[in-house]
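We count residues from 1, following the sequence as given.
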Amino acid sequence: MKQETINALVRQMEENGVETVRLQFTDITGTLKSIAVTPAKFARLREESFFVDGSFLAGRDGEDGVELMLKPDPSTFTVLPWKSQPGNVARLLCSLYQEDGTLFAEDSREVLRQAERRAAANGYELSVRPECEFFLFHSDDDGRPTVVTHERAGYLDAHPIDLGENARRDMVRTLEEMGVEVEASRHEISPGQHGIDLKPMGLMEAADGIVTFRSAVRSVAKRHGLHATFMPKPLGDAEGSGVHLHFTLCKDGKNVFAGEEKGSFSEEAAWFAGGLLTHMKAMAAVSNPLVNSYKRLVSGTKAPTELCWSSRRENSLLRIPPVRGTRTRVEFRGADGSANPYLLLALCLEAGLDGIAQRIEIREGESLGRLPENLGTAIACFREDAFVKKILGEPLWRRYGACRQEEWLDYERQVTAWELREYLYRY
C-alpha cells in the first residue's frame with residue numbers, strides 16, 4: 001500500500017474519532033478472523049508490517065512456523081456503525097501473504113482475484129446479486145443462543161405479525177452505512193426467518209459484502225437481544241436458509257445472457273448453466289460445506305435438489321428467470337450462508353465460463369442427478385475432481401478437503417438424541 005494511501009486512511013480515522021482498527025480476513029472455511037491495532041500503528045504500516053500466527057487457522061492443527069502477513073485493502077475501509085463515539089472502531093479487510101511478501105497460496109481472496117483476472121483476459125466480467133436468508137432467535141438469560149422465536153409470521157408478512165421488522169430495518173440501515181447497498185428485505189417462509197437482498201456487484205465486492213453482511217447482521221441482532229444464524233437447517237420442521245446468487249455475465253459492456261430475439265436468452269446463458277451443473281457435485285463441498293447443509297437439501301422442501309436448470313421448477317438447482325433483455329440472468333439456488341464466499345464465487349465463475357468454452361449443452365429440465373446426499377459424499381466428489389483442484393490450487397484444495405473431512409469424521413462418531421430415543425430401549 002502506498003504511503004499516500006496510508007496517510008489518507010489515517011486522516012479518515014482522525015476525522016471519525018477512530019481509536020481502534022480491526023484488520024480482518026477469512027480462513028479457508030470463510031470464518032472471519034480479526035486483530036486490532038491503533039491508528040498510530042497503522043500509520044507505520046510500510047515500516048512495520050502486520051503479521052499473524054497462522055498455525056492455528058482452520059486445517060493447520062498447530063503447525064509451527066506459519067507467519068502470515070496481512071495486507072489491508074483500502075477500498076474496504078469503513079467505520080463500524082454499532083460502535084459510538086468516543087472510541088470508534090474501523091474495519092479493513094485483508095489478503096494474506098507469506099513472510100517474504102509472496103502470495104499465500106491458501107488465501108481465499110487471492111483465489112477469487114485470480115479467477116476474475118483470467119475472466120477479464122478473455123473479456124468477461126461477472127456480476128452477482130446475492131439474496132441471503134437467516135433466522136432470528138431469542139437468547140437465554142446468559143446470552144446464549146436458542147432456537148426459540150415468539151413470532152408466527154410467514155412469507156412477506158408485515159408488522160405487527162413480523163416481530164423482526166425493526167431489527168431487520170436496523171440491519172439494512174447499518175449495511176448501507178457500511179457501504180453495502182441493499183435492494184430489498186422481507187420476512188421469509190418460516191417463523192423467525194428473514195431475507196435481505198444485496199444489490200448487484202462485481203464478484204470481489206460481493207464476497208467482501210457477504211462477509212460484512214454476516215458480521216453486521218449478527219451484531220445488530222445482538223443489540224436487539226436476538227441471535228442471528230446462517231445455519232442452513234436449524235429447525236427440522238421449518239424451511240432451511242440459503243443464499244441465492246443471481247449472475248449476469250458481460251462482455252464489451254453487453255449482457256452475454258441476453259438473447260437476440262425478444263423474450264429469448266442466449267446460448268451462452270444455457271452453456272453457463274451447463275458448466276455449473278457439470279461441476280456442481282465437486283463444488284458442493286464449498287457451496288454447502290457443513291454436515292447440517294445437507295439436512296436442508298432434501299426432497300419435500302423448497303430447497304433445490306435436482307442438478308438441472310429450468311425457468312420455473314422449484315427443485316431445480318439453477319433457474320433462468322423469465323425476465324429478459326439486459327436483466328437476463330442465471331440464478332444459482334443451492335448455496336447456503338456457511339459457504340466461503342470467495343471460493344464459492346471463484347468456482348461459479350470458472351465453472352460457468354468452462355461451460356461456455358466447452359459449449360456444454362444441457363436441455364431445460366434435463367437432470368444430471370441429485371446433489372450429494374451428505375458431506376461425506378460431497379468431500380469424495382471434491383477430492384476426485386481435477387477442475388476444482390486446478391481453480392483452488394493444490395495447497396488450498398488439499399487443506400480444505402482435509403478440514404472438511406475432519407468435520408465429517410467427527411460427526412460420524414457422534415451418537416445423537418434420535419438414535420438413543422429410537423434404539424436404546426428397543427435393542
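Listed for the Glu133 side chain is a donor-acceptor partner under 3.5 Å among the backbone atoms of Gly242. Judged by distance alone, with hydrogens and angles left aside, the side-chain atoms of Asn88 form no donor-acceptor pair with the main-chain N or O of Val18 at under 3.5 Å. A donor-acceptor contact shorter than 3.5 Å links the side chain of Asn292 to the backbone of Lys233. In this structure a side-chain-to-backbone donor-acceptor pair under 3.5 Å is present from Gln193 to Gly240. Not a single donor-acceptor pair under 3.5 Å links the side chain of Gln12 to the backbone N or O of Leu9. In this structure, Asn255 contributes its side chain and Thr328 its backbone to a donor-acceptor pair below 3.5 Å. The backbone N or O of Ser316 lies less than 3.5 Å from a partner atom in the side chain of Arg333, making a donor-acceptor pair. Using modelled atom types, no side-chain atom of Thr38 and backbone atom of Thr20 make a donor-acceptor pair closer than 3.5 Å. Formation of a donor-acceptor pair under 3.5 Å by the Tyr400 side chain with backbone atoms of Ala285 is found in this model. Judged by distance alone, the side chain of Arg22 and the main-chain N or O of Ile35 form no donor-acceptor pair under 3.5 Å.
Pro72 approaches Leu23 most closely through the heavy-atom pair CG-CD2, 4.2 Å. Here the closest non-hydrogen pair linking Pro321 and Glu331 is CG-OE1, 4.1 Å. Across all their heavy atoms, Pro39 and Val10 have their closest contact at O-CG2, 4.3 Å. Of all heavy-atom pairs between Ser287 and Met280, the closest is OG-SD, 4.3 Å. In terms of heavy-atom proximity, Leu136 sits nearest to Ala228 at CD2-CB, 3.7 Å. Between Ala346 and Ile391, the shortest heavy-atom contact is O-CG2, 4.4 Å.
With no hydrogens or angles considered, no side-chain donor-acceptor pair links Arg91 and Ser215 at under 3.5 Å. For the residue pair Ser266 / Glu260, no side-chain donor-acceptor distance below 3.5 Å is found, with atom types taken as modelled. Checking Thr76 against Asp208 by side-chain atom types alone, no donor-acceptor pair falls below 3.5 Å. Between Glu151 and His187, the side chains place a donor N or O and an acceptor N or O closer than 3.5 Å (distance only, hydrogens not considered). Between the side chains of His224 and Asp170, a donor-acceptor pair is found at a separation under 3.5 Å. Side-chain atoms of Arg109 and Ser95 include a donor-acceptor pair closer than 3.5 Å. Counted by atom type alone, Ser108 and Asn340 present one or more donor-acceptor pairs between their side chains at under 3.5 Å. With hydrogens and angles left out, the side-chain atoms of Thr377 and Glu373 include no donor and acceptor closer than 3.5 Å.
For the pair Ile320 and Arg324, the minimum side-chain heavy-atom distance is below 4.5 Å. Looking at Lys295 and Pro232, their side chains never come closer than 4.5 Å, going by heavy atoms from C-beta outward. Two residues are said to be in side-chain contact when any heavy atoms from C-beta on lie closer than 4.5 Å; Phe213 and Val182 fail this criterion. Using a 4.5 Å cut-off on side-chain heavy atoms (C-beta onward), Thr31 and Thr26 make no contact.
A salt bridge links Glu131 with Arg129; the closest basic N to acidic carboxylate O contact falls under 4.0 Å. Salt bridge absent: Glu406 and Arg404 never bring a charged side-chain N and a carboxylate O closer than 4.0 Å. A salt bridge links Arg113 to Glu110: at least one charged side-chain nitrogen sits closer than 4.0 Å to a carboxylate oxygen. Between Lys199 and Glu183 there is no salt bridge, since no side-chain nitrogen of the basic residue lies less than 4.0 Å from a carboxylate oxygen of the acidic one. Ion pairing of Glu15 with Arg11 is absent here, as no side-chain N (NZ or NE/NH1/NH2) approaches a carboxylate O to less than 4.0 Å. With respect to Asp162 and Arg168, a salt bridge is recorded, a charged nitrogen being found less than 4.0 Å from a carboxylate O. Here Asp197 pairs with Arg186 in a salt bridge; the nearest charged N to carboxylate O distance falls below 4.0 Å. Glu350 has a carboxylate O that lies under 4.0 Å from a charged side-chain N of Arg118, or vice versa, which qualifies the two as a salt bridge. Looking at Lys41 and Glu48, a side-chain N of the basic residue comes within less than 4.0 Å of a carboxylate O on the acidic one, giving a salt bridge.
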Using side chain to side chain contact (heavy atoms under 4.5 Å, CB included), reason through Leu409 and Gln405 one step at a time and then give a plain yes or no. CA-CA 6 Å; Leu409 293 177; Gln405 181 70 20; 3.7 Å; yes
Starting from the C-alpha separation in whole Å, work towards a yes-or-no answer on side chain to side chain contact (heavy atoms under 4.5 Å, CB included) for Tyr342 and Val111. CA-CA 7 Å; Tyr342 302 100; Val111 170; over 6 Å; no
Worked check of side chain to side chain contact (heavy atoms under 4.5 Å, CB included) between Asn166 and Arg169: CA-CA 5 Å; Asn166 289 339; Arg169 185 170 60 245; 2.6 Å; yes
Take Phe247 and Phe332, measure what ring-ring contact (aromatic ring centres under 6.0 Å, His included) needs, and give me the verdict at the end. CA-CA 8 Å; Phe247 291 114; Phe332 171 39; 7.1 Å; no
Steps toward ring-ring contact (aromatic ring centres under 6.0 Å, His included) verdict (Phe230, Phe135): CA-CA 7 Å; Phe230 301 97; Phe135 276 88; over 10 Å; no
Apply ring-ring contact (aromatic ring centres under 6.0 Å, His included) to Phe137 and His227, showing your working. CA-CA 5 Å; Phe137 293 126; His227 175 73; 7.7 Å; no
Please evaluate residues Glu239 and Lys302 with respect to the criterion salt bridge (charged side-chain N to carboxylate O under 4.0 Å, His left out), reporting the C-alpha separation (whole Å), side-chain torsions for both, the decisive distance (0.1 Å), and the verdict. CA-CA 7 Å; Glu239 292 295 327; Lys302 299 188 183 304; 5.4 Å; no
Run the side chain to side chain contact (heavy atoms under 4.5 Å, CB included) test on Cys381 and Met283 for me, step by step, so that the C-alpha distance in whole Å, both residues' side-chain angles and the decisive distance to 0.1 Å come before the verdict. CA-CA 8 Å; Cys381 295; Met283 291 167 54; over 6 Å; no
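One distance of note links CG of Asn288 with CG of Leu290; it measures 8.5 Å at 0.5 Å rounding. For the atom pair Asn16 CG and Leu80 CG, the distance stands at 11.0 Å (nearest 0.5 Å). Rounded to the nearest 0.5 angstrom, Leu396 CG and Leu343 CG are separated by 5.5 Å. Note: Leu245 CG to Leu344 CG = 5.5 Å, rounded to the nearest 0.5 Å. Atom CZ of Phe134 is separated from atom CZ of Arg218 by 11.5 Å, given to the nearest 0.5 angstrom. Atom CG of Leu92 and atom OG of Ser75 lie 9.0 Å apart (nearest 0.5 Å).
Taking the six-membered ring where the residue is Trp, His246 and His244 present tilted rings, their angle falling between 30° and 60°. In this pair, Phe265 and Trp309 present their aromatic rings perpendicular. The plane angle is above 60°, beyond the 30 to 60° band.
A cation-pi arrangement is absent between Lys33 and Phe25 under the rule of less than 6.0 angstrom and at most 45 degrees off the ring axis.
For Phe50, the CZ atom sits in a packed shell: over 12 heavy atoms of surrounding residues, nucleotides or ligands are nearer than 6.0 Å.
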